[in-house]
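Have a look at the structure below before the remarks.
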Amino acid sequence: MSLIALLFSFGFVIFSFFLSHAFKLGLGRDLIITGIRATIQLLVVGYILNTVFGFENPLAMILMLLVMVFVATINAAKRGKGLPRIFWKIFLTISIVEIITQGFLLGLQIVPATPQYTISISGMIIGNSMVIASLFLNRLKAELEMRKEEVVLVLSLGGSVKQSIYPILKQSIRSSLIPTIEGQRTIGLVQLPGMMTGQIIAGADPVEAVRFQLLIVFMILFAAVLTAIILGFLIYPELFNKKQQLDISAW
C-alpha cells in the first residue's frame with residue numbers, strides 16, 4: 001500500500017467525524033484523536049520492529065515483550081483502580097500466560113523461534129489477555145456490588161472466604177470469556193480474521209493461512225481462559241480484610 005493510499009484511507013475517520021457531528025454524538029474529537037494516535041503508534045512500532053528484526057538479538061526481543069506487557073498492564077489496571085497491588089497482579093498474570101503459551105509453541109517447534117514470529121504472536125497473546133483482564137475486573141466489580149449480601153451471608157454462616165466468593169468469581173470468569181468464545185464461533189462464516197486476511201492479501205496459500213489462523217484461534221482461547229482464572233485467584237484474597245470481612249470500599 002502506497003503512502004497516498006494510506007492517506008486516502010484516513011477518509012474513513014473523517015467521514016465518521018462528520019457523521020458524529022451531524023447526529024450530535026459528541027464523538028468527533030475522540031475519533032480524530034484515536035485515528036491520529038493509532039497512526040503514530042503503529043508507524044513507530046513498525047520502525048521499532050524493523051530494527052528488532054534486523055538485530056535478531058534475544059535481549060532486544062525480550063525487552064520489546066516486556067514493554068508490551070507493561071503497557072498492557074497499565075491499561076488493564078485502570079479497571080481495578082483501588083485494589084491493592086493490582087498492577088503487579090495483572091503484570092504477573094499476563095507474564096505467566098505469555099510464558100506458558102510461547103513455551104508450548106516454541107517447545108514443540110510449532111513456530112520458529114525468531115523475532116518475526118515470537119513478537120507478532122506475543123502481541124496477540126498479550127493484547128487478548130489485556131482485554132480479558134479488563135472485562136474480568138469490570139464484571140467482578142459489578143457482581144460484588146449486586147451480590148455483596150450473599151457473600152456476607154455465607155461468611156456469617158461459617159463459610160470460608162473461598163466459599164463465599166467462588167460463585168461470584170465463577171460468574172465473572174464466564175462473563176469475561178463470552179466475547180472471545182462468541183467471536184471464535186462465527187470465525188470464517190461471518191468474518192475472515194485479520195491474520196488470515198493479511199496473509200491472503202500478501203499472496204499466501206489460503207489453506208496455509210487457515211492453518212496459521214487455527215493456531216491463533218486455539219492459542220487465544222487458551223490464553224483467555226488462563227488469564228481470567230489466574231487473575232481471579234490472585235485478586236480474591238485482597239477483597240477481604242484480616243478479619244475475613246468483605247472490604248471493597250477502596251474499589
Side-chain angles (χ1 to χ4, degrees), residues 1 3 6 9 34-77 87-135 180 183-184 187 191-206 208-228 230-231:
M1 179 184 289
L3 182 59
L6 180 61
S9 69
T34 299
I36 295 174
R37 181 176 175 178
T39 302
I40 295 173
Q41 288 176 178
L42 288 174
L43 287 174
V44 170
V45 168
Y47 285 113
I48 292 175
L49 288 177
N50 193 39
T51 303
V52 173
F53 291 166
F55 283 152
E56 293 189 359
N57 188 325
L59 291 178
M61 182 175 67
I62 292 173
L63 179 61
M64 182 75 180
L65 295 178
L66 285 174
V67 170
M68 291 164 68
V69 173
F70 182 78
V71 173
T73 302
I74 290 176
N75 188 66
F87 176 89
W88 294 111
K89 285 180 171 60
I90 297 175
F91 186 89
L92 179 61
T93 298
I94 296 178
S95 298
I96 291 173
V97 173
E98 163 70 6
I99 291 170
I100 292 176
T101 309
Q102 281 288 8
F104 182 84
L105 295 174
L106 298 177
L108 295 180
Q109 297 182 345
I110 297 175
V111 296
T114 61
Q116 180 180 357
Y117 281 90
T118 304
I119 293 177
S120 300
I121 292 176
S122 292
M124 299 180 195
I125 298 170
I126 295 168
N128 182 69
S129 293
M130 175 190 70
V131 172
I132 295 297
S134 299
L135 291 173
T180 300
Q184 305 304 343
I187 198 168
Q191 61 172 339
L192 291 180
M195 181 179 181
M196 178 178 165
T197 302
Q199 285 186 306
I200 292 174
I201 291 175
D205 177 23
E208 187 67 21
V210 167
R211 291 175 182 172
F212 270 102
Q213 188 58 54
L214 285 174
L215 164 66
I216 300 304
V217 169
F218 301 150
M219 176 191 74
I220 285 178
L221 286 173
F222 169 75
V225 173
L226 192 60
T227 298
I230 293 176
L231 186 58

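Quantities reported herein were computed from a predicted structural model and do not represent experimental measurements.
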Reported CD1-to-CG distance for the pair I99 and L106, which is rounded to 0.5 angstrom: 12.0 Å
For F87 and I74, what are the C-alpha separation, side-chain angles and deciding distance, and is it a side-chain contact (heavy atoms from CB on, under 4.5 Å)? CA-CA 7 Å; F87 176 89; I74 290 176; 3.7 Å; yes
So, using side-chain contact (heavy atoms from CB on, under 4.5 Å) as the criterion, who are the partners of M219 when residues are at least two apart? T101, L105, I121, M124, I125, I216
Tell me every residue that passes ring-ring contact (aromatic ring centres under 6.0 Å, His included) with Y117, counting only those two or more places apart in sequence or in another chain. none
Output for pair (I94 CD1, L65 CG), nearest 0.5 Å, gives 12.5 Å
Are more than 12 heavy atoms from other residues, nucleotides or ligands located less than 6.0 Å from atom CZ of F222? yes
Calculate, to the nearest 0.5 Å, the distance between atoms OG1 and CG belonging to T93 and L231 respectively. 4.5 Å
S122: which of M64, Q102, M61 passes side-chain contact (heavy atoms from CB on, under 4.5 Å): Q102
Provide the closest heavy-atom pair for A133 versus A76 in the form atom of the first, atom of the second, distance. CB-CB, 4.1 Å
Nearest 0.5 angstrom please: T114 OG1 to I119 CD1, how far? 9.0 Å
Let me confirm one number: the CG-CG distance from L226 to N128, rounded to the nearest 0.5 Å. 11.0 Å
Nearest 0.5 Å, what's the CD-CD1 distance between Q213 and I220? 7.5 Å
Would you please name every residue forming a side-chain contact (heavy atoms from CB on, under 4.5 Å) with S95, sequence neighbours left out? V69, F91
Using side-chain contact (heavy atoms from CB on, under 4.5 Å), reason through V71 and N75 one step at a time and then give a plain yes or no. CA-CA 6 Å; V71 173; N75 188 66; 5.8 Å; no
